[in-house]
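Step one of this worksheet: look at the structure below.
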Amino acid sequence: MNARHPVYTEKAECQDCYKCVRHCPVKAIEVRGGSATVMAELCIACGHCVEVCPAGAKRVRDDVPAARQLLAGGARVVASLAPSWVAEFPGLAAAQLVAALKRLGFWGVSETALGAQEVSAGVAAALADPQPRLLVSPACPTVVELVAKYHPKLAAAVMPLCSPLQAHARLLKHRYGPELRVVFIGPCIGKKCEADAHPELVDIALTFKELRRWLAAETIDPAQEPPAADAPFIPGPAEEGVLYPVDGGMIAGIRANCAVHAGDLMALSGVEAIQGALHDLDPATLAGPLFLELLACAGGCVNGPCARTRDGTIAKRRAVLAGAAYPAAAIPRVPAVELALNHPPPPPAPAACTDEVKLREALARVGKRTADDELNCGGCGYANCREFAAALLAGKAEATMCVSYMRQLAQKKANALIKTMPSGVVIVDQELRIIECNRRFARLAGADVITAYDAKPGLEGVALDRVAPFLADGLRHVLATGEELANQTVRGHDRVFTASLFGIEPGRSAGGVLQDVTEPAMRQDQVVRRTRDVIRRNLATVQQIAYLLGENAAESQASLNEIITAFAADPDAALTEDEESP
């Protein structure tokens with residue numbers, strides 16, 4: 001776990017599914033030893049990997065212990081409550097939630113939307129300048145990371161203003177003193193990164209899920225809290241700023257503060273939609289200022305990664321809209337605090353390799369030597385084989401992630417094993433057509449079959465009844481019942497065979513291992529095996545009556561070992577000390 005990054009992997013529970021790779025919009029996942037870990041320097045904290053991980057191996061850093069410790073320290077701590085709380089706790093009165101938070105130890109509760117109103121006023125002032133340029137909202141920390149790391153040509157377009165959370169923290173410290181401590185509570189993982197980057201403003205960022213666990217641990221039910229008589233939020237309730245958690249909400253606040261043509265303001269939500277919109281966008285082609293309100297979560301912050309649910313967007317949106325107000329006395333607003341940003345954006349992510357020679361070398365590592373070999377199946381988590389090859393070169397991926405490569409490798413190993421086995425091996429499908437067999441099986445089946453095998457190695461598709469009908473009934477039984485038939489004696493082609501028949505895929509494929517007991521080597525092997533069985537049985541009896549037999553036991557063993565040595569091809573076939581014990 002990287003304690004400095006809010007998303008991490010519980011490696012013991014990561015199960016080689018690569019689902020996080022498939023769903024990560026920026027492929028900020030590194031796979032090593034089969035374990036997929038988040039690369040903090042590439043991550044945008046969108047939370048998709050946490051949401052889709054079937055094993056729960058992707059987790060969000062728990063900052064509740066740090067918040068408990070902060071509250072226990074005696075400082076005045078204010079909860080900065082995200083405006084999406086009305087969608088997170090439907091039907092709950094603001095005064096009830098504030099009362100519950102105060103029971104946890106918070107000195108006061110304030111709406112982050114107050115900071116959002118400050119940002120809207122700052123953006124409105126910037127839009128008064130008609131100079132053609134692109135302006136990207138600074139409100140969503142995930143979008144800020146996305147643009148800076150993956151669209152560096154547009155990084156300068158991100159407005160150098162505080163986010164709503166930073167502006168809110170500045171407002172609170174301006175009003176209540178610089179020693180005030182601030183803890184954000186909302187649906188966003190990206191806010192944890194923001195708090196980590198600005199400890200001078202925000203001490204800790206908690207998610208709604210963390211708040212729910214904390215309240216449950218303290219046996220506090222907000223719905224059972226009596227509403228306070230006075231105004232719940234300090235220094236007062238937010239107004240148009242409460243619209244920020246729905247897409248288009250920020251624009252509504254900006255338009256309330258200035259007269260801007262609708263075509264100069266655009267809202268987009270969802271990382272994939274944003275990625276597509278920013279692709280090939282050239283600010284030089286603009287005829288005037290264009291402001292983009294970009295929210296990483298589809299539908300807005302009400303559908304944040306740590307919200308109660310990511311469904312029901314319409315109901316959530318209606319709940320948020322119901323709380324908006326546009327007081328004529330306050331609008332247009334004048335920012336009450338300095339909104340200028342005072343830290344550089346994160347560095348861009350390294351560009352993927354485009355060197356054709358290196359890409360071809362990486363593709364060859366997974367058996368893809370021609371364009372036809374590039375299946376682009378997406379099983380590795382990447383959109384196509386070339387993206388996967390670039391990830392291999394960047395050290396983010398492993399060859400074992402390629403499903404087709406691993407299947408081919410497994411098939412080659414299985415084929416090599418089958419071909420080198422001294423026994424005859426055959427695998428058939430549910431219709432008793434051969435899927436694979438080795439040359440030893442063909443030889444046991446007869447001279448004609450050997451000729452056919454040499455012409456078509458493996459005899460794929462050949463009916464078993466044509467080459468080894470004596471195995472058909474047994475394999476039908478295995479396919480029908482799943483029962484394994486071990487060491488069955490069967491007769492065919494004027495010979496006697498020992499066959500072990502087994503299922504592979506229930507009802508779909510089965511296999512058999514065949515030995516000719518009439519061959520001299522087979523008879524010799526059976527004599528050796530049966531002689532060993534005699535020794536074991538004799539020694540068990542001998543040890544029980546050793547006091548009667550004395551040296552005769554050792555002499556009997558020596559004589560029988562001579563028989564084994566005489567029959568066995570390997571002089572070392574005599575019993576070892578371990579075999580001598582019953």
Side-chain angles (χ1 to χ4, degrees), residues 6-8 45 47 50-51 56 58-114 165 168-169 172 180-192 194-196 202-234 237-238 242 245 297 301-312 315-316 319-320 323:
V7 183
Y8 67 97
V50 177
E51 182 184 10
K58 293 291 178 293
R59 298 182 183 177
V60 180
R61 187 183 69 207
D62 183 4
D63 287 323
V64 171
R68 288 177 183 270
Q69 185 176 3
L70 180 64
L71 294 178
R76 290 190 302 172
V77 184
V78 172
S80 175
L81 188 62
S84 55
W85 73 267
V86 295
E88 181 70 17
F89 299 94
L92 191 68
Q96 290 179 298
L97 183 56
V98 171
L101 290 170
K102 286 187 174 181
R103 283 190 59 188
L104 290 177
F106 287 98
W107 175 74
V109 181
S110 185
E111 291 188 277
T112 317
L114 293 175
L165 173 57
H168 188 221
L172 292 173
L180 188 77
R181 313 300 288 272
V182 178
V183 173
F184 172 80
I185 301 174
C188 184
I189 297 173
K191 286 291 194 293
K192 288 181 177 285
E194 193 173 330
D196 293 345
V202 184
D203 293 88
I204 298 164
L206 300 178
T207 66
F208 282 140
K209 288 185 178 180
E210 287 174 298
L211 175 60
R212 289 181 180 277
R213 289 199 301 268
W214 191 2
L215 290 170
E218 299 293 336
T219 63
I220 298 173
D221 182 1
Q224 302 301 317
E225 293 295 315
D230 56 347
F233 294 120
I234 61 170
V242 302
C297 298
C301 307
V302 290
N303 292 327
C306 292
R308 174 178 55 90
T309 173
R310 303 192 83 172
D311 298 319
K316 293 176 180 179
V320 169

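- Atom SG in C297 sits 5.0 Å away from atom CZ in R310 (nearest 0.5 Å).
- Minimum interatomic distance between P187 and C301 (heavy atoms only, all atoms of both residues): CG-O, 3.2 Å.
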Problem - Steps toward side chain to side chain contact (heavy atoms under 4.5 Å, CB included) verdict (W85, I185) - result: CA-CA 9 Å; W85 73 267; I185 301 174; over 6 Å; no
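- Qualifying side-chain contact (heavy atoms from CB on, under 4.5 Å) partners for A66, counting only residues two or more places apart in sequence or in other chains: I204.
- The backbone N or O of P83 sits nowhere less than 3.5 Å from a side-chain atom of E111 that would complete a donor-acceptor pair.
- Here the CZ-CD distance, from F89 to Q96, works out to 11.5 Å after rounding to the nearest 0.5 Å.
- Considering every non-hydrogen atom in both G47 and I189, the closest pair reads CA-CD1, 3.7 Å.
- Screening V98, L97, L114 for a side chain to side chain contact (heavy atoms under 4.5 Å, CB included) involving F233 leaves a single residue, V98.
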Practice task
Start with the C-alpha gap between V50 and Y8, add the side-chain angles, then the distance that decides, and say whether side chain to side chain contact (heavy atoms under 4.5 Å, CB included) holds.
Solution key: CA-CA 9 Å; V50 177; Y8 67 97; over 6 Å; no
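- Side-chain atoms of S110 do not come within 3.5 Å of backbone N or O of S80 as any donor-acceptor pair.
- At least one side-chain heavy atom of N303 sits under 4.5 Å from a side-chain heavy atom of K316.
- The nearest pair of heavy atoms linking R68 to A217 is NH2-CB, 3.8 Å.
- Scanning both residues, F208 and S84, for their nearest heavy atoms gives CE1-OG, 3.5 Å.
- The existence of a salt bridge linking K102 and E225 is excluded, since no basic side-chain nitrogen approaches an acidic carboxylate oxygen closer than 4.0 Å.
- At least one side-chain heavy atom of V183 sits less than 4.5 Å from a side-chain heavy atom of V77.
- With hydrogens and angles ignored, the 3.5 Å screen pairs a side-chain donor or acceptor of R308 with a backbone N or O of E88.
- Between the side chain of E210 and the backbone N or O of D63, at least one donor-acceptor pair lies under 3.5 Å.
- The side-chain heavy atoms of C306 and K209, taken from C-beta on, include a pair separated by under 4.5 Å.
- For the atom pair CG of L104 and CG of L71, the computed distance is 7.5 Å after rounding to the nearest 0.5 Å.
- A search for side chain to side chain donor-acceptor pair (under 3.5 Å) contacts involving D203 returns R181, not counting sequence neighbours.
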Problem - Pair V60-K192, side chain to side chain contact (heavy atoms under 4.5 Å, CB included): steps then yes or no - result: CA-CA 10 Å; V60 180; K192 288 181 177 285; 3.7 Å; yes
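- Applying the side-chain contact (heavy atoms from CB on, under 4.5 Å) test to D311 and every residue at least two apart in sequence or in another chain returns T309.
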Exercise for the section: Report the C-alpha distance between K191 and T112 in whole Å, list the side-chain angles of each, state the deciding distance to 0.1 Å, and finish with yes or no for side chain to side chain contact (heavy atoms under 4.5 Å, CB included). Expected result: CA-CA 12 Å; K191 286 291 194 293; T112 317; 5.6 Å; no
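- Closest of all the heavy-atom pairs between W107 and I234 is CZ3-CD1, 3.9 Å.
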